[in-house]
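One structure below.
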Amino acid sequence: MVSVKGKSLEGLLTEFRRFYPSTEFKKNAHLTSKEEIEKLSKYPEKFWESYASELHWYKKWNKVLDWNPPHSKWFVDGELNVCYNCVDRHIKNGGRNKAAIIWEGEPGDTKTLTYWDLYREVNKFANVLKKLGISKGDRVAIYMPMIPEAVIAMLACARIGAIHMVVFGGFSSEALRDRINDCKAKLLVTADGGYRRGSLIPLKHDSDYAVKDTPSIENVLIIKRGEFPLRVKKGRDFWWHELEEEVEPYCEPESMNSDDSLFILYTSGTTGKPKGVLHSTGGYLTGVYTTSKLIFDMKDQDVFWCTADIGWITGHSYIVYGPLAVGATLFMYEGAPDWPEMDRYWRIIDKYGITIFYTAPTAIRAFMKAGTEYLKPFSLETLRLLGSVGEPINPEAWIWYYTHIGKKRCPIVDTWWQTETGMIMVTTLPGYHTMKPGHAGFPFPGVSLDILNEAGEPVDPDEGGYLVLKSPWPSMLKGIYGDEEKYLEKYWSKWNGKYYFTGDGARRDSEGYLMLLGRVDDVLSIAGHRVGTMEVESALVSHPSVAEAAVVGITHEITGQAIVGFIVLRDNIDKDFDLEDSIREHVVKKIGPIARPRKIIFSSELPKTRSGKIMRRLLKDIAEGKVLGDTTTLTEPEVIDNLKKQYEIIEG
Ligand code: WT7
């Protein structure tokens with residue numbers, strides 16, 4: 001824990017400022033009273049049940065929770081359909097003409113879908129899925145740009161009870177292939193392409209490489225986004241716009257058991273292979289519905305913008321399912337924040353009157369660095385609440401966000417959660433809590449957590465420890481797809497099945513505010529995205545010139561962490577610039593651009609302990625320049641050899 005504690009604490013100890021929601025915000029917020037919040041926290045099952053009751057169920061549950069550690073079943077024997085709840089329910093309740101999705105493409109094209117439009121599209125999409133032989137329980141891979149059809153495809157799967165598996169459009173074809181093969185998806189839904197920083201991302205073209213080696217895929221359904229060149233394989237590939245002409249306009253939603261699976265989403269862990277996190281139907285929807293309503297304080301007139309990609313859990317829970325379950329209007333943007341200029345987000349906020357804005361600290365730090373000049377032409381006056389997610393937000397970035405984007409008027413919710421938790425677990429409640437920059441806040445009502453030492457005992461206030469969750473929550477993962485053993489080992493083995501281990505370090509101050517201290521395992525956080533060191537190492541060693549590799553994360557001022565790869569080359573390979581580039585690009589090909597190593601350091605060997613364990617701490621210090629000051633000298637193998645000797649002397 002030492003490495004986790006040291007750094008993050010220093011900067012934050014000097015932060016004493018407090019911020020309060022305005023009287024006006026408090027007056028109108030959903031949740032504002034101490035008694036109510038205490039009551040909710042005290043009777044979690046009653047609390048969750050009351051929110052689940054706001055949703056539509058075909059059959060009511062017999063029991064709120066069945067806790068069979070480490071598996072929980074929520075709303076036992078209840079039956080519902082997620083798509084019905086996110087679409088049909090609002091049409092029946094008078095929301096037919098309300099905007100469900102307002103979208104802007106990167107080139108500036110725009111589209112609005114009312115709840116009625118969404119209903120029509122989703123119904124047809126569901127019938128197209130059926131036409132392609134998809135039925136309840138089948139897995140459907142979705143590899144799409146940020147266009148409304150991505151949301152439509154997800155909802156259509158939910159409508160017929162198929163399990164979607166969305167792969168971030170920035171992942172490589174090999175990453176797509178591996179995920180498809182792990183869950184044996186039958187259908188791949190993709191698009192001809194999408195726009196990013198002015199260039200075309202040829203998703204169908206990349207998909208073709210993936211599906212060459214995916215025996216389970218029977219068909220590929222292509223959405224037409226633009227005029228992207230591609231090949232259509234007869235009998236296997238179909239255009240959505242052609243098939244939609246051939247199907248009925250209505251598809252009866254499937255009545256699903258509350259514990260049926262809604263989706264699989266792969267996330268990086270401590271092994272070389274990503275894990276398929278499996279989420280439920282009734283519990284998941286209740287979790288994201290409740291948190292959307294109470295944490296983002298969503299109201300009828302809000303336009304909610306979460307800047308994540310639908311390929312991440314943030315996109316699943318707070319672009320698609322949470323906001324649509326609430327019946328809100330969501331805004332969706334296809335492209336990059338700095339395209340064509342650094343002012344794109346502010347331009348969008350003013351143009352569409354965004355009221356709630358949810359983004360990541362990496363983006364905030366990049367805007368901060370670009371300066372406030374870009375903000376001048378915009379009023380941002382429609383904003384009333386801001387959110388942050390993905391990594392700890394440093395007080396400096398917090399204050400900048402508060403001052404320059406929220407204009408000291410909007411509360412900020414710093415929300416901590418994970419792919420596995422499905423919903424926000426730690427935050428402040430915007431109409432109630434005092435905000436402390438750098439501190440995420442408190443467990444959400446109904447969430448029970450603690451901070452433990454290695455022995456599993458709770459630590460004292462202000463002391464760092466491991467963050468654990470003590471009792472089940474509705475949107476808790478069901479498990480790891482096809483790998484129960486890994487589920488037990490990864491999350492439950494550290495304290496003999498007693499607690500869910502988050503993999504994060506945290507500390508709590510005397511007032512109960514939680515501060516997150518980053519991952520304590522071999523998982524990196526690059527721009528708020530999880531990348532496993534082992535995953536990058538396996539990619540590196542699969543390069544023909546690489547014999548051995550070790551990956552560490554170093555601190556980076558914008559992205560939080562950056563990847564450094566230490567490489568031992570095979571015999572008789574000369575290192576030159578081309579080789580360095582080819583190794584970097586090899587990782588991009590294997591995983592995707594987010595895993596591209598920022599630095600490659602060549603060495604004749606890697607420093608190891610006598611038992612053969614790579615000394616990562618030492619490598620990290622070397623990469624951060626702490627040991628030698630200047631890392632450029634480290635391309636000389638002798639230096640590492642020397643270091644190794646020194647290190648062994650120190651460590652005995
Ligand atoms: C990991 C989960 C869930 C949203 C996106 C990431 C880190 C997430 C915060 C925050 C400090 C945070 C943790 C967590 N993290 N939010 N507000 N403050 N750290 O999902 O890819 O599953 O990553 O992101 O380390 O374990 P994910």
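In this text, all values refer to a predicted model and were calculated from it rather than measured experimentally. All ligand and atom numbering here is 1-based and tracks the order in the structure.
In this structure, Pro392 is part of the shell of residues with a heavy atom less than 4.0 angstrom from ligand 1. Distances from ligand 1 to the non-hydrogen atoms of Glu391 include at least one value under 4.0 Å. At least one heavy atom of Gly390 sits less than 4.0 Å from an atom of ligand 1.
The proximity of Leu516 to ligand 1, defined as any non-hydrogen pair under 4.0 Å, is limited to the side chain. Looking at Thr415 against ligand 1, only its backbone comes within 4.0 Å, counting heavy atoms. Contacts between His529 and ligand 1, counted as non-hydrogen atom pairs separated by less than 4.0 Å, are absent for every part of the residue.
Between Tyr321 and Tyr289, the gap from one ring centroid to the other reaches at least 6.0 Å. Taking the centre of each ring, His279 and His316 stay at or above the 6.0 Å mark. Between Tyr358 and Trp305, a ring centre-to-centre spacing not shorter than 6.0 Å is recorded. Centroid-to-centroid, the aromatic rings of Trp417 and Tyr318 come within less than 6.0 Å. Separation of the Trp473 and Phe444 ring centroids does not fall under the 6.0 Å cut-off. Between His404 and Phe367, the gap from one ring centroid to the other reaches at least 6.0 Å.
Summary of contacts: the protein heavy atom closest to atom 14 (C) of ligand 1 is Asp504 OD2, 3.4 Å. Atom 22 (O) of ligand 1 has Thr419 OG1, 2.5 Å as its closest protein atom, hydrogens excluded (heavy atom only). Annotation: atom 6 (C) of ligand 1 to nearest protein heavy atom, Gly528 O, 4.0 Å.
A side chain to side chain donor-acceptor pair (under 3.5 Å) with Trp492 holds for exactly one of Tyr487, Tyr499, Tyr500; it is Tyr487.
Checked by distance only, ligand 1 and Glu420 stay at 3.5 Å or farther apart across all their nitrogen or oxygen atoms. For ligand 1, one of its N or O atoms has an N or O atom of Arg530 under 3.5 Å away. Between Arg519 and ligand 1, a contact under 3.5 Å exists for at least one N or O pair. Between Thr502 and ligand 1, no pair of N/O atoms sits closer than 3.5 Å. The shortest N or O to N or O distance between Thr267 and ligand 1 is not below 3.5 Å.
Using a 4.0 Å cut-off to heavy atoms of Thr314, the atoms of ligand 1 that qualify are 4 (C), 5 (C). The atoms of ligand 1 that sit less than 4.0 Å from any heavy atom of Val389 are 4 (C).
Side-chain atoms of Glu391 and His529 form no donor-acceptor pair, as typed in the model, at a separation below 3.5 Å.
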**OP:** Show your working on side chain to side chain donor-acceptor pair (under 3.5 Å) between Asp182 and Tyr481 and close with a plain yes or no.
**Re:** CA-CA 8 Å; Asp182 189 74; Tyr481 188 78; over 6 Å; no
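Between Lys273 and Glu535 there is no salt bridge, since no side-chain nitrogen of the basic residue lies less than 4.0 Å from a carboxylate oxygen of the acidic one.
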